[in-house]
2 protein chains.
Amino acid sequence: MKKDNVEKMNEPSKNKSLDPTPVKVSVPPSRVKIVQALKLLIRDKDFNSITTAEISRVAGVNEALIYRHFNDKRGLLHAVLSEYLNEFVSNLMFDLKGIKGAINKIRKFVWASIHYYNDDRVFSKIQLLEVRNFPGYFESETYQIVKRYAGLLLEIIEEGITSGSIRDDIAPSSIRQFILGSIEHYCLPAIIFGHAIDGDVMADNLCEILFEGIKKKN
Amino acid sequence: MKKDNVEKMNEPSKNKSLDPTPVKVSVPPSRVKIVQALKLLIRDKDFNSITTAEISRVAGVNEALIYRHFNDKRGLLHAVLSEYLNEFVSNLMFDLKGIKGAINKIRKFVWASIHYYNDDRVFSKIQLLEVRNFPGYFESETYQIVKRYAGLLLEIIEEGITSGSIRDDIAPSSIRQFILGSIEHYCLPAIIFGHAIDGDVMADNLCEILFEGIKKKN
DNA sequence: CTTTTATATAAGTAATACATACTTACATGA
DNA sequence: TCATGTAAGTATGTATTACTTATATAAAAG
């Protein structure tokens with residue numbers, strides 16, 4: 001009954017005055033341990049092959065806590081993805097602020113997306129390989145963040161059409177799907193086979209094709 | 001012990017003389033029943049939520065036969081996908097035969113791919129959503145067929161670069177990823193949300209962007 | 001007629017995701 | 001100082017899962 005009170009003191013109540021948010025909800029240590037355990041495990045295994053017993057063992061917490069904090073195994077996956085997505089989309093929105101012109105904005109959008117996929121393979125694995133097969137995902141909170149991301153691109157395309165820099169004979173949503181698809185497929189082999197890639201070159205290539213097409217110019 | 005001998009007679013050994021292939025390996029009726037059961041179930045559920053008990057129940061065969069014929073549950077999925085892929089790639093290779101010029105071939109390639117994804121949603125669901133998350137897939141026989149499909153496109157692109165109809169300042173493999181990605185992402189929303197789409201329009205749009213880019217021409 | 005081989009089945013098993021009942025820690029307010 | 005409410009954590013249990021094994025049958029082969 002007294003051997004475990006050492007571990008409980010490693011997270012003192014220091015989040016009072018220095019926090020940017022005034023009322024910080026204290027996140028339980030077990031919760032962050034579980035999240036980190038999944039992030040670690042998903043590096044080399046697919047989500048389905050990872051067991052809840054394994055997650056709790058690596059996290060060093062009781063298995064039932066997964067269900068306390070995340071309701072079910074899939075909820076944990078979605079929570080992890082949400083974290084990534086929120087950071088990514090927030091940064092992207094900020095990065096786009098100073099840029100003028102739809103074409104330039106799209107270039108930035110492509111560049112940032114490729115780099116984010118490339119820099120964090122755990123994020124890309126979850127986003128591109130592990131959530132879409134589960135129908136419930138598209139009713140989840142997490143998917144709403146993806147819609148914000150896709151909506152961002154759609155607005156830029158519409159702006160470009162209005163200002164005359166983007167062709168108006170193809171539906172904006174089609175152009176968007178086109179761009180999102182090529183971004184993802186550009187990164188996919190590297191993610192699946194664990195290659196290192198040069199995000200700058202990839203973004204340049206992709207934008208070249210996107211803005212000029214693949215036909216040889218005369 | 002005698003109530004089930006009725007079902008056993010519904011597949012007589014008629015595949016002897018009329019077959020195009022001289023030596024046709026007789027496929028056991030239970031095998032095709034299992035395949036059909038999975039095809040039926042995967043229409044509304046993700047592969048993971050489908051149980052082997054469910055498959056065998058719908059197929060009307062014993063559960064152990066899944067393992068006799070396909071080794072494991074994933075093997076069944078791969079076998080089903082292989083069937084589709086073989087048919088698709090064979091047809092595609094045939095369809096490309098009469099066409100001259102890399103650009104025209106790519107147009108056909110895009111058109112055929114979109115239509116195949118669109119016409120059989122079971123195939124597209126498996127191919128785009130259910131196999132890639134499993135690492136073992138990329139060592140499977142099934143994936144080799146996909147490589148033939150992707151190799152086909154790569155050859156066309158290289159032919160186009162050699163003949164001067166496709167730009168030579170971007171790696172062929174990059175162009176290929178670009179095209180494959182846009183094809184898939186074009187179809188993805190329809191597959192996920194069950195929309196009906198117009199494959200002709202989609203192929204036209206995609207080729208337009210592909211060959212001319214999204215910038216407005218002056 | 002016997003042996004072999006492929007097809008089928010019933011009855012398991014270990015492991016899985018998840019549930020339940022319970023305890024401990026801690027904050028708040030009288 | 002005590003009572004109360006709430007969140008964090010745990011031990012143990014359970015139905016279901018993918019997969020296995022031993023055995024039966026029926027047709028083909030010898």
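Here is how names work: the chains are called A, B, and so on, in the same order as the sequence lines, proteins then strands, and each is numbered from 1.
Aromatic ring centres of Tyr149(B) and Tyr143(B) lie farther apart than the 6.0 Å criterion allows.
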Given side-chain hydrogen bond (donor to acceptor under 3.5 Å, both in side chains), test Asn118(B) with Arg121(B) step by step and report yes or no. CA-CA 6 Å; Asn118(B) 195 34; Arg121(B) 297 297 172 88; 2.6 Å; yes
Assess whether ring pair (Phe, Tyr, Trp, His ring centres under 6.0 Å) is satisfied between Phe178(A) and His185(B), documenting all intermediate values. CA-CA 7 Å; Phe178(A) 188 80; His185(B) 248 66; over 10 Å; no
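Taking only side-chain atoms of Lys73(A), from C-beta outward, the nucleotide of dA8(C), dA10(C), dA17(C) with the closest atom is dA17(C). Across dA18(D), dT20(D), dA17(C), the shortest atom-to-atom separation from the side chain of Ala64(B) is found for dT20(D). Residue Asn62(B) places its side chain closer to dT9(C) than to any other of dG9(D), dA8(C), dT9(C). In the set dT10(D), dA8(C), dT20(D), the nucleotide with an atom closest to the side chain of Tyr67(B) is dT20(D).
Where Asp72(B) and Gly60(A) meet DNA chain D, the nucleotide closest to each residue was compared, and Gly60(A) sits on the side nearer the 5' end. Both Val61(A) and Thr52(B) lie near DNA chain D, and the one whose nearest nucleotide falls closer to the 5' end is Val61(A). Comparing Arg68(A) and Thr51(A) by the nucleotide of DNA chain C whose heavy atom lies nearest to each, the residue mapping closer to the 5' end is Thr51(A).
Residue Leu65(B) contributes atom CG, which lies 16 Å from atom P of dA18(D) at whole-angstrom precision. Protein atom CG of Asn48(A) is 11 Å distant from nucleotide atom C1' of dA17(C), rounded to whole Å. With rounding to whole Å, Asn71(B) atom CG is found 16 Å from dA18(D) atom P. The CD atom of Glu63(A) sits 19 Å away from the P atom of dA8(D) (whole-angstrom rounding). Computed from coordinates, the Phe70(B) CZ to dT7(C) P distance equals 12 Å when rounded to whole Å. Atoms CZ (Arg31(A)) and P (dA7(D)) sit 14 Å apart, rounded to a whole Å. Residue Leu38(B) contributes atom CG, which lies 12 Å from atom P of dA18(D) at whole-angstrom precision. Residue Arg74(A) contributes atom CZ, which lies 10 Å from atom P of dC18(C) at whole-angstrom precision.
Judged by a 6.0 Å distance limit and a 45° cone about the ring axis, Lys73(B) is positioned over the six-membered ring of Phe47(B). For the pair Lys39(A) and Phe123(A), the cation does not sit on the ring face, since its NZ or CZ is not both under 6.0 Å from the ring centre and inside 45° of the axis.
Remark: His69(A) is in phosphate contact with dG9(D), judged by side-chain N or O atoms under 4.0 Å from OP1 or OP2. At least one side-chain nitrogen or oxygen of Ser30(A) sits closer than 4.0 Å to the OP1 or OP2 atom of dG9(D).
Residue Ile50(A) is classed as a sugar-phosphate contact, given heavy-atom separations below 4.0 Å to backbone atoms only.
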